[in-house]
Amino acid sequence: MDDQIKNIKTLEELQSLYTSVFGKNGTMTARLRDMKNLDNDARAALNAENVLLRELFKTRQAEIENAILMDNLAKQKLDVSLNPVPENRGTLHPLTQSLSEISAILESFGYTRWTGPELEDDWHNFTALNTPAHHPARDMQDTFFLENGNVLRTQTSAIQIRAMESDGVPIKMFGIGSTYRKEMDATHSPMFGQIEGLYVDKGVTMSDLIADVRMFLSRFFEMDDVELRIRPSYFPFTDPSIEIDMKWHGGKWLEVMGAGMVHPNVLRNCGINPDQYQGFAFGFGWDRLAMLKYGLDDIREFYNGDVRWLKNAGF
Ligand code: PHE
């Protein structure tokens, strides 16, 4: 009987054998019924046999159930090596990403972020920036004029005027936003993003300017140190004015920003005494910096909104 139970493979067979032993007409049932005719020893032996047999059935049942379970698990196993359905994931636009990186770096240097209107009046875009009507420097920027004499902001320098007018000095801020000029080629877009840094306090010098710019560029381009080249330049709102170049991979010099010490007239126009306060300002196209960082040749690619291009460029 023991071997018979152990050789059974299915629960159904086990059940029918069990019934033939312990069922109403089962062999064991019959023997138990006649137990009263047995002597004590035989009774004890029968009881023991009864208990053992039930145990054997139970054990075999558990074994068969376990085998069925293992079998099902093997059949239902997930094949995780199968290729998943392709997934189209959205990401932030590279310009948005670099914008937040730039902001985070400048904020960590203590600059406060400002924005301003894209439609500017003549005062904030030109006159307060020491560029009065008929000043030849107005031609440096091909301006979009509105009929009422306002302009599409040509430079974020307008924001530094608004910041000084509103908060006075000392001030450490950066202005950020879109600017507009009538120009369009591979490195110029009629709308582009500018960032402008301004720090005015007592005793601010040109070396403070260069230190901040150097730290900023090395953080943004993730370079241990950056080599800068300072060239004299001209902007009506800074004096002296400089152009800052940066040594790029392969030893090539790249022009990265305009900068200078804030012109005393600009401070005066904002009600600040230039005999007490000095400051520096720097300005650059943030899409141009992003273009360098990501190794792009054509700035207009950023604005086409072509998802295939964004994907191929690795964004
Ligand atoms: N506004 C200048 C430009 O658009 C850049 C600049 C900003 C230069 C601040 C000097 C100081 O070209």
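Order of listing sets the numbers, starting from 1, for every ligand and every atom in it.
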Using a cut-off of under 3.5 Å, which N/O atoms of ligand 1 pair up with protein N/O atoms, and what distance separates each pair?
{"residue": "ligand 1", "atom": "1 (N)", "partner": "Gln155", "partner atom": "OE1", "Å": "3.0"}
{"residue": "ligand 1", "atom": "1 (N)", "partner": "Ser157", "partner atom": "OG", "Å": "3.0"}
{"residue": "ligand 1", "atom": "4 (O)", "partner": "Arg181", "partner atom": "NH2", "Å": "2.7"}
{"residue": "ligand 1", "atom": "4 (O)", "partner": "Gln194", "partner atom": "NE2", "Å": "2.8"}

Handout entry: Residues which pass side-chain contact (heavy atoms from CB on, under 4.5 Å) with Ala42, listed by chain and number, not counting sequence neighbours
Key = Leu38, Asp39
Exercise for the section: Evaluate the ring planes of Phe174 and Tyr111, with Trp represented by its six-membered ring, and classify them as parallel (under 30°), tilted (30 to 60°) or perpendicular (over 60°). Expected result: perpendicular
Problem - Test item: side-chain donor near acceptor, Glu65 and Gln61, under 3.5 Å - result: yes
Completion exercise
side chain to side chain donor-acceptor pair (under 3.5 Å) filter on Lys77, not counting sequence neighbours, yields none
Problem - Non-hydrogen atoms of Asp122 and Thr127 that approach each other most closely - result: OD2-OG1, 2.7 Å
Fill in the blank from the handout: Residue pairs meeting ring-ring contact (aromatic ring centres under 6.0 Å, His included), one or both in residues 1-21, sequence neighbours left out, come to Tyr18-Phe22, Tyr18-Phe57
